[in-house]
Amino acid sequence: MVNIGYARVSTDGQSLDIQLEQLQKGGCSKIFQEKISGAKQDRPQLGALLDYVREGDIVTVCKLDRIARSTKHLLEIVDHLEINGVAFKVLNINLDTSTPTGKLMLTMLGAIAEFERSLMLERQKEGIEKAKKAGRYKGRKATAKEKAPLVQELIQKNPKITKQAIADELEIGVASVYRILQEVNN
């Protein structure tokens, strides 16, 4: 039996330190960790964890929202673990799916977490609309358009440069490079 931890934060600017400390205190001997949005279901380290676990293991997270953002995804993960004979623990609420009560609690908490996230997104959307109407919210600054002259300069210096090389050098998407070049040629 191996107690395996999973720690996740949404952005590079956030720290995993607190989660890692809690998971170590919770008895985890191996910890998978990543900095990626929980809204993405295709997370490399989560996939690696699910491939790694074996019958009798325990997967531990600090909080429920670290492993899944929707009830559906949470239940898919827990079903996968259960099929493989792996228990699931959430430290901050003392939840353990190896018990019938833990299984019931997990389903209820997953639904509540998804509901809370929906409310938060709705409030955020309303706040953005209100700020737009007041002229205080302009949206994200268009960084790729600002780099249009640099795209043209790179092409002039080296006509054989690939679109991907331009995108990599200027830290913009390759689709933005194509869009800029299309606008120049029209």
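Looking at Glu34, its side chain does come within 3.5 Å of a backbone N or O of Gln45 through a donor-acceptor pair. Asn84 places no side-chain N or O within donor-acceptor distance of the main-chain N or O of Val86, the cut-off being under 3.5 Å. Proximity of a side-chain donor or acceptor of Arg43 to a complementary backbone N or O of Ile67 within less than 3.5 Å is detected. Judged by distance alone, with hydrogens and angles left aside, the side-chain atoms of Arg8 form a donor-acceptor pair with the main-chain N or O of Arg66 at under 3.5 Å. The backbone N or O of Phe88 sits less than 3.5 Å from a side-chain atom of Thr97, completing a donor-acceptor pair. Between the side chain of Asp96 and the backbone N or O of Gly102 there is no donor-acceptor pair closer than 3.5 Å.
By the 4.5 Å heavy-atom criterion applied to side chains, Ile58 and Val53 are not counted as neighbours. Counting heavy atoms from C-beta on, the side chains of Leu46 and Phe32 never come closer than 4.5 Å. Annotation: side chain of Glu116 is not in contact with side chain of Leu119 (no heavy-atom distance under 4.5 Å). Under the 4.5 Å side-chain criterion, counting only non-hydrogen atoms from C-beta, Leu154 is in contact with Leu170. Leu23 has its side chain within reach of Leu91: a pair of non-hydrogen atoms, C-beta onward, lies under 4.5 Å apart. No side-chain heavy atom of Leu64 sits under 4.5 Å from any side-chain heavy atom of Asn92. Looking at Ile172 and Val151, their side chains come closer than 4.5 Å, going by heavy atoms from C-beta outward. For the pair Ser15 and Val9, the minimum side-chain heavy-atom distance is 4.5 Å or more.
For the residue pair Ile4 and Cys28, the shortest heavy atom distance occurs at C-SG, 4.0 Å. Contact between Ile77 and Ala68 at its shortest, heavy atoms only, is CD1-CB, 4.3 Å.
Hydrophobic clustering (ILVMFWY, side-chain heavy atoms < 4.5 Å, transitive): Tyr52 and Leu50 are in one cluster. Under a hydrophobic clustering in which Ile, Leu, Val, Met, Phe, Trp and Tyr are joined whenever their side-chain heavy atoms come within less than 4.5 Å, directly or via other members, Ile180 and Leu150 fall into the same cluster.
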TODO: Kindly determine whether Glu21 and Lys25 satisfy salt bridge (charged side-chain N to carboxylate O under 4.0 Å, His left out), including the steps that lead there.
DONE: CA-CA 6 Å; Glu21 185 180 318; Lys25 285 182 182 175; 3.4 Å; yes
TODO: Apply the test salt bridge (charged side-chain N to carboxylate O under 4.0 Å, His left out) to residues Glu153 and Lys157: give CA-CA distance (whole Å), side-chain angles for both, the deciding distance (0.1 Å), then the verdict.
DONE: CA-CA 6 Å; Glu153 184 181 315; Lys157 284 182 181 176; 3.2 Å; yes
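Here Asn3 contributes atom CG and Gln24 contributes atom CD; the two are 11.5 Å apart, rounded to the nearest 0.5 Å. In this structure, OG1 in Thr101 is found 10.5 Å from NZ in Lys103, a value given to the nearest 0.5 Å. For the atom pair CG of Leu81 and CG of Leu49, the computed distance is 7.5 Å after rounding to the nearest 0.5 Å. Between Glu183 atom CD and Lys145 atom NZ the span is 5.5 Å, to the nearest 0.5 Å.
Inspection of the Tyr6 and Gln19 side chains reveals no N or O donor paired with an N or O acceptor under 3.5 Å.
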